[in-house]
Amino acid sequence: MRKSILFIFLILQACHVGEKFSSVFPLTNDKIKQNLELSNQSEVISVDWYKIFKDDVLNTLIHIALTDNLSIKQSIQRLQQSRYSYLINSTTMLPQLDSSGEYEFSKASNNQDYVYDVNSFKVGLDASWELDIWGKGEYISEQYFEIMRNAQYSIANLKVSLTAEIVSNYVNLRSLQEKLKITEQNLSLQKQILSTVVSQYENGIADDLALNQAEYTVEMTKSSIPNLKYQIEVYRNTLAILLGCTPDSLPAGLSNYKKNLTSTAFQFDINKLNKLSLNVIRSRPDILVAETVLKQQNAAINEAITNLYPSISLNATFGFISTSGHSLFNRNSQVYGYTPSFILPIWNWKQLVNNVELQKSINEEYVLNYNEVILTALTEIKNSIMAVKQAYRENRSYLASVDKMRNILDLSQEKYKNGLISFTDVATAEQNLLNAQINLISSNTNILQNITAFYKSVGGGYNFD
């Protein structure tokens, strides 16, 4: 008996129609290596890549966000829903068994020739089974399995984006705080110079032009402070949304810090940029999301093909019917029956054939989208590598410009004291130094942002190999 069942099962499996999914990844390893200029060595990227910045506050923010972010929580619920959907739909072609019970009482009319009361007790089992000859059940199950995997990869993709977004907003916040600090330091220096000019003006040494210029410089610097404070608050509020909390619940370290990571250029080994695995694109969560869509659609095509073939179903009933509850389960009360059924599509105005072609056309669209996502990923990685390298070259020039402007300001102040130049030159030097310092902070920030973009472009360390 067991051998017969196994034989029938193997025959049914051999009848499966449709084609198995085959990879359509458009880039060869040589293409990837050539475009990204990869070295022969590769390093594993950690999901905790942001810890290279050695900023405890940043680490805390990301830890909280990955747990409490509302979008993350929603995506986890979607994953759970997809698991239930898979469990529900993976059993659609398996035998189904239901039980039922019924009691019926009927009283005849007193105006009939005969009067009788009827009691009817019914209890039984109903079984149904559509034989999965062509693999339809397998393809339905496969579709929902890929939906479940899509949800899993989507969570990883969301975490990659969330981590990068928190780092980006945090870096911008620190950049603004550093710019505010420098602006206030310059304002303090300018006020000291203004005090000197006022003293000189009262003693008849400085003229109205010098006094007005000094006052103008102070007021211009003061005018930039409110906007900096406003932008700082905006980034604090943005971080609160990303962390899934209110602004007043943010870690205290956002306001109180010992060292600002944008105050100096972050030291990063740029050789790591080209030490990537050849699988760096294929393993990106967003690529895997797109791939699951292809696999799901391939199964949808196969399911549509199975509808072109005959279907065989078996239905059976077994139970007891009696007019008395006492005799319900007697052998004489037994009823049973079975109904094999056969359906063969003959004429449906090509609905089934057109559905197959529709699913194939949808699949072609998804393939094109898959290729586009991969090319976009390649471009993002290539651009991020170049951006980091260029940011460091740019930073060296900004650092040199700050040193030069400090020297210029010192010389200008000395010459002004000796009456060799007007105060306008000093004011100009002050403003140029402030601008140079602000530009340097922006450059330091740009390095951090580009490093963040690089780690995001390579998948944030998530690997599903």
Side-chain angles (χ1 to χ4, degrees), residues 21 44-51 53 55-92 140-170 235-251 254 279-300 366 369-370 373-374 376-377 380 452-453 455-465:
F21 177 81
V44 176
I45 296 175
S46 170
V47 294
D48 298 329
W49 57 266
Y50 52 88
K51 290 184 178 179
F53 299 136
D55 190 304
D56 293 336
V57 177
L58 175 60
N59 297 343
T60 300
L61 292 176
I62 293 176
H63 175 73
I64 294 173
L66 293 178
T67 304
D68 296 340
N69 177 267
L70 297 179
S71 295
I72 291 288
K73 288 183 176 180
Q74 292 177 62
S75 65
I76 291 173
Q77 289 302 315
R78 284 193 290 271
L79 173 61
Q80 188 65 27
Q81 293 161 19
S82 70
R83 286 172 176 165
Y84 286 126
S85 295
Y86 170 67
L87 293 174
I88 292 169
N89 290 278
S90 62
T91 59
T92 54
I140 293 175
S141 177
E142 185 178 338
Q143 289 177 66
Y144 282 92
F145 177 76
E146 293 303 330
I147 291 174
M148 183 174 65
R149 291 217 307 168
N150 185 293
Q152 178 186 4
Y153 296 143
S154 294
I155 291 177
N157 192 42
L158 180 57
K159 287 182 177 181
V160 171
S161 298
L162 177 63
T163 301
E165 193 170 355
I166 290 175
V167 174
S168 178
N169 281 278
Y170 179 78
Y235 279 107
R236 283 177 57 85
N237 296 338
T238 302
L239 286 171
I241 294 174
L242 294 174
L243 267 63
C245 67
T246 55
D248 62 339
S249 302
L250 288 168
L254 280 177
N279 208 33
V280 62
I281 297 177
R282 192 188 296 266
S283 63
R284 271 183 35 154
D286 61 330
I287 302 297
L288 294 175
V289 166
E291 189 174 66
T292 60
V293 173
L294 284 180
K295 292 179 179 179
Q296 177 190 342
Q297 188 57 30
N298 185 75
Y366 290 162
N369 176 71
Y370 181 66
V373 173
I374 289 173
T376 300
E380 286 178 354
T452 300
Y455 280 108
K456 180 184 178 182
S457 72
V458 297
Y462 287 87
N463 195 326
F464 294 90
D465 290 345

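Keep in mind that what you see is a predicted model, and the values were worked out from it rather than measured.
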Point to revise | Any D48 side-chain heavy atom under 4.5 Å of K51 side chain | key: yes

**Study point:** Check: I287 and V373 side chains under 4.5 Å, non-hydrogen atoms
**Key:** yes

Point to revise | Partner set under ring-ring contact (aromatic ring centres under 6.0 Å, His included) for F53, not counting sequence neighbours | key: F266

Check your understanding: Are any of the side-chain heavy atoms of Q74 and R78 separated by less than 4.5 Å?
Key -> yes

**Study point:** side-chain contact (heavy atoms from CB on, under 4.5 Å) evaluation trace for L58 with I166
**Key:** CA-CA 8 Å; L58 175 60; I166 290 175; 4.3 Å; yes

Review point. Does a side-chain heavy-atom distance below 4.5 Å link K456 with S161?
Key: yes

Practice item. Would you tell me whether D55 and Y50 have side-chain atoms, one donor and one acceptor, within less than 3.5 Å of each other? Key: no

Practice item. Return the set of residues passing side-chain hydrogen bond (donor to acceptor under 3.5 Å, both in side chains) with E142 (not counting sequence neighbours), or none when no residue passes. Key: none

Point to revise | From M148 atom CE to Q80 atom CD, the distance as rounded to the nearest 0.5 Å | key: 10.5 Å

Revision key, fill the gap. Nearest heavy-atom approach of S75 to I155 is OG-CG1, 3.5 Å

Point to revise | Shortest non-hydrogen contact from I64 toward P251 | key: CD1-CG, 4.3 Å

**Study point:** Partners passing ring-ring contact (aromatic ring centres under 6.0 Å, His included) against Y86 (at least two apart in sequence or in another chain)
**Key:** F145

Review point. Roughly how far, to the nearest 0.5 Å, is the OG atom of S71 from the NZ atom of K159?
Key: 13.0 Å

Practice item. Tell me, yes or no, whether the heavy-atom count around Y455 atom OH, taken from other residues, nucleotides or ligands under 6.0 Å, exceeds 12. Key: yes

Point to revise | The single option from V167, I72, N157 passing side-chain contact (heavy atoms from CB on, under 4.5 Å) against L162 | key: I72

Study note, to complete from the structure: On a heavy-atom basis, the closest approach of Q143 and A299 is CG-CB, 3.5 Å

Point to revise | CG-CD1 distance between L79 and I147, expressed to the nearest 0.5 angstrom | key: 12.5 Å

Point to revise | Gap separating the CG atom of L250 from the CG atom of N237, nearest 0.5 angstrom | key: 8.0 Å

Check your understanding: Has the side chain of N169 got a donor or acceptor atom that lies under 3.5 Å from a matching backbone atom of E165?
Key -> yes

Exercise for review: For S168 and A164, indicate whether the former's side chain and the latter's backbone hold a donor-acceptor pair under 3.5 Å.
Suggested key: no

Review point. Of the non-hydrogen atoms in N69 and I241, which two are nearest, and what is the gap between them?
Key: ND2-O, 4.1 Å

Practice item. Answer yes or no: is there a side-chain heavy-atom contact under 4.5 Å between L243 and D68? Key: no

Practice item. Output the distance between atom CG (N89) and atom OG1 (T92), rounded to the nearest 0.5 Å. Key: 6.0 Å

Study note, to complete from the structure: Scanning both residues in full, the closest heavy-atom pair of Y153 with P285 reads O-CB, 3.7 Å

Practice item. With rounding to the nearest 0.5 Å, note down the distance linking OH in Y370 to OG1 in T292. Key: 10.0 Å

Exercise for review: Run the salt-bridge test on R149 and E291 with the 4.0 Å N-O cut-off and return the result as yes or no.
Suggested key: no

Point to revise | Note, Y462 side chain near L288 side chain (heavy atom, < 4.5 Å) | key: no

Exercise for review: Walk me through it: do T246 and S249 pass the test side chain to side chain donor-acceptor pair (under 3.5 Å)?
Suggested key: CA-CA 5 Å; T246 55; S249 302; 3.0 Å; yes

Practice item. Would you tell me whether N150 and S154 have side-chain atoms, one donor and one acceptor, within less than 3.5 Å of each other? Key: yes

